[in-house]
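Note sheet for the following structure.
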Protein chains: 2
Amino acid sequence: MSNLSPKRGPETRARLLEVAEQSVLAKGFAATSIDELIAAVGITKSGFFYHFKGKGELAEALLQRYIDNEEELLDELFRRGDELHEDPLHGFLVGMKMFAEMMLDLPEGHPGCLVASYCYQENLFSKDIRALNKEAVLGWRARFRTRFDLIAARHPPKIDVDLDALADMVSVLVDGGIIVSKVVHDKRVLPQQIMLLRDYVRVIFLGT
Amino acid sequence: MSNLSPKRGPETRARLLEVAEQSVLAKGFAATSIDELIAAVGITKSGFFYHFKGKGELAEALLQRYIDNEEELLDELFRRGDELHEDPLHGFLVGMKMFAEMMLDLPEGHPGCLVASYCYQENLFSKDIRALNKEAVLGWRARFRTRFDLIAARHPPKIDVDLDALADMVSVLVDGGIIVSKVVHDKRVLPQQIMLLRDYVRVIFLGT
DNA sequence: GCGCAACTGTACCACAAGTCAAGTTGGCGG
DNA sequence: CCGCCAACTTGACTTGTGGTACAGTTGCGC
């Protein structure tokens with residue numbers, strides 16, 4: 001009766017996605033109930049079904065939003081890194097440093113990766129969603145592979161290494177780092193791992 | 001009426017744990033129903049509750065079994081590695097190589113890590129279970145930290161590195177590698193990552 | 001022929017996803 | 001200033017399933 005207005009639609013939807021993401025990362029998708037979400041947002045069940053056809057559509061919107069946000073974050077990070085250095089290697093090193101610092105600045109540590117969460121509940125989701133997840137990981141691989149090719153052109157690797165595997169190592173370390181951080185309740189683990197990878201890349205292309 | 005016998009208890013329990021683990025890794029714990037497990041094993045619901053007081057007890061037994069198995073596997077791997085080399089570094093390198101090969105030999109790839117799965121559904125579990133999970137990760141850290149101390153004593157690191165972080169890197173790479181392997185449906189990713197870490201450790205302690 | 005391990009049978013209740021129909025509110029475009 | 005539409009609300013209802021309780025049963029081993 002008070003705060004009803006035709007333009008609040010997208011906002012309510014966004015709040016639904018926000019609380020849903022938190023709940024999914026804490027309990028998993030199956031244990032996240034619609035009742036719980038609408039209670040947190042302050043709408044009724046029919047209100048939920050106005051925004052999403054069903055739980056599956058919520059899952060997809062959730063993942064898409066997460067992937068888009070991450071992509072934007074990475075774009076921004078390495079854009080800033082490259083702003084400071086013409087050399088792609090040093091741009092990468094700066095980007096990784098900023099990444100690590102950003103993760104360390106999160107007060108509660110990284111809240112979790114939806115890609116990883118969905119991966120461990122893959123049977124709950126449609127083919128479409130699983131494909132989306134796969135595309136996200138392959139996107140990271142392509143992004144960093146391109147970067148490493150650029151770096152290798154200027155700094156021939158001192159150590160023989162598969163650049164696709166090295167590119168995957170970014171996703172691997174982030175997802176693994178988040179897990180170990182969460183399990184041992186030490187938010188420093190993820191940034192430490194990012195810095196370890198950074199050092200590895202430096203030693204591969206610079207030799208020290 | 002046919003196959004009832006007082007000694008089949010532990011066997012039935014083990015079968016329950018086996019199918020439960022598969023289901024949990026595929027769908028998550030919340031979406032794994034008791035009905036489904038008993039159907040797969042061929043007992044009634046009451047039979048389940050004879051073996052476990054409730055779902056929580058199943059969760060705990062499941063995790064404990066998983067952790068014990070992993071520990072045994074690692075013990076065996078590096079025992080065999082050390083058998084072939086007196087030098088702890090080379091024992092480690094051989095152990096990692098065997099680890100990578102073992103992962104590559106799994107026909108369907110690694111089925112998943114329960115520690116990671118539980119981590120992404122932590123709110124479903126009791127304090128005890130969460131503590132167990134934490135202990136498992138800290139156990140891996142201690143194991144590899146001890147190993148790296150031994151290695152460092154004989155081979156002073158050529159690159160400055162935090163040995164605790166390096167020890168964590170094993171857990172991180174395994175958990176992250178499993179996720180990326182699963183998501184992109186390429187079982188080679190995990191072994192590749194293990195080999196990358198192996199190379200990193202070699203370059204840290206040997207310089208090449 | 002007794003006891004105990006290893007179950008079975010049956011019943012219950014909460015809650016979750018989803019459906020459906022009908023009504024309400026408030027801003028905006030004409 | 002009127003009417004339409006987005007963005008909801010109300011409320012009732014179905015259908016399924018999930019975890020749990022508890023009393024009874026079976027058959028091997030002693």
Side-chain angles (χ1 to χ4, degrees), chain A residues 1-24 26-63 118 121 123-126 128-129, chain B residues 1-24 26-63 118 121 123-126 128-129:
Chain A
M1 37 182 68
S2 52
N3 34 8
L4 268 164
S5 88
K7 63 191 297 275
R8 287 179 60 81
E11 193 189 318
T12 302
R13 198 185 137 99
R15 283 196 298 146
L16 275 171
L17 289 171
E18 189 55 41
V19 297
E21 182 170 323
Q22 283 175 292
S23 181
V24 167
K27 308 189 301 191
F29 185 74
T32 296
S33 71
I34 295 173
D35 284 332
E36 171 196 352
L37 303 180
I38 61 180
V41 168
I43 59 171
T44 61
K45 197 178 262 195
S46 314
F48 174 88
F49 284 100
Y50 172 77
H51 288 290
F52 304 99
K53 278 181 192 164
K55 226 186 158 186
E57 203 172 289
L58 171 71
E60 189 168 346
L62 218 47
L63 183 58
Y118 279 34
Q121 297 161 77
N123 285 181
L124 300 178
F125 305 108
S126 68
D128 285 352
I129 291 181
Chain B
M1 39 178 66
S2 53
N3 36 9
L4 267 165
S5 88
K7 64 191 296 277
R8 287 179 61 82
E11 193 188 319
T12 303
R13 195 185 139 100
R15 284 196 298 146
L16 277 172
L17 288 171
E18 190 54 41
V19 298
E21 181 170 324
Q22 283 175 290
S23 182
V24 167
K27 308 191 300 189
F29 184 74
T32 295
S33 70
I34 295 173
D35 282 328
E36 172 196 352
L37 303 180
I38 62 180
V41 167
I43 59 172
T44 62
K45 204 177 256 198
S46 318
F48 173 88
F49 284 97
Y50 171 76
H51 290 290
F52 305 98
K53 277 180 191 164
K55 224 186 161 188
E57 202 171 291
L58 170 71
E60 189 168 346
L62 218 47
L63 183 59
Y118 278 34
Q121 298 161 78
N123 284 183
L124 301 177
F125 305 109
S126 68
D128 284 353
I129 292 181

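Proteins come first, then strands; the chains are lettered A, B, ... in the order of their sequence lines, and each starts at number 1.
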For this session: Compare every heavy atom of I129(B) with every heavy atom of A59(B), then report the nearest pair and how far apart it is.
Result: CB-CD1, 3.7 Å
Exercise. Is there side-chain contact between I43(A) and T12(A), with heavy atoms separated by less than 4.5 Å?
Worked result: yes
For this session: Tell me whether the OP1 or OP2 atom of dA5(C) has a side-chain N or O from H51(B) closer than 4.0 Å.
Result: no
Exercise. Using Watson-Crick and G-U wobble pairs with both distances under 3.5 Å, what is the 5'-to-3' dot-bracket string of DNA chain C, with [ ] for crossing pairs and | for pairs outside the strand?
Worked result: ||||||||||||||||||||||||||||||
Exercise. Excluding sequence neighbours, so at least two apart, what forms side-chain hydrogen bond (donor to acceptor under 3.5 Å, both in side chains) with K27(A)?
Worked result: E36(A)
For this session: Send over the distance from R15(B) CZ to dA6(C) P, rounded to a whole Å.
Result: 13 Å
Exercise. Any side-chain heavy-atom pair from F52(A) and L62(A) closer than 4.5 angstrom?
Worked result: no
Exercise. Do the rings of F125(B) and Y118(B) sit parallel, tilted or perpendicular, given the 30° and 60° boundaries?
Worked result: parallel
Exercise. For F29(A) and dA16(C), what is the distance between atoms CZ and P respectively, to the nearest whole Å?
Worked result: 14 Å
Seminar exercise, completed: E11(A) atom CD is separated from dG26(C) atom C1', nearest whole Å, by 16 Å
Exercise. Of all the nucleotides listed (dG18(D), dC7(C), dA16(C)), which has the minimum atom distance to the side chain of T12(B)?
Worked result: dC7(C)
Exercise. Under 4.0 Å between a side-chain N/O of Y50(A) and OP1 or OP2 of dC8(D), yes or no?
Worked result: no
Seminar exercise, completed: From CG of L16(B) across to C1' of dC7(C) the rounded distance in Å is 12 Å
Exercise. Does K55(B) count as lying over the ring of F29(B), i.e. NZ or CZ under 6.0 Å from the six-ring centre, within 45 degrees of the axis?
Worked result: yes
For this session: Check DNA chain D against residues 41-49 of chain A and give the residues with a non-hydrogen atom under 4.0 Å, in numerical order.
Result: G42(A), I43(A), T44(A), S46(A), G47(A)
For this session: Taking the side chain as every heavy atom from C-beta outward, state whether L58(B) and I34(B) have any pair of such atoms under 4.5 Å apart.
Result: no
Problem set entry | Side-chain donor/acceptor of S23(B) to backbone N/O of V19(B), under 3.5 Å | no
Exercise. In whole Å, what is the span from the NZ atom of K53(A) to the C1' atom of dT19(C)?
Worked result: 15 Å
Seminar exercise, completed: When rounded to the nearest 0.5 Å, the distance separating NE2 of H51(A) from CD1 of I38(A) is 11.5 Å
Exercise. Rounded to the nearest Å, what distance is computed from the CG atom of residue L124(A) to the P atom of nucleotide dA16(C)?
Worked result: 16 Å
Exercise. Could you give the CG-to-P distance, from D35(B) to dG18(D), as a whole number of Å?
Worked result: 5 Å
For this session: Using whole Å, report how far CD of E36(A) lies from C1' of dA14(C).
Result: 16 Å
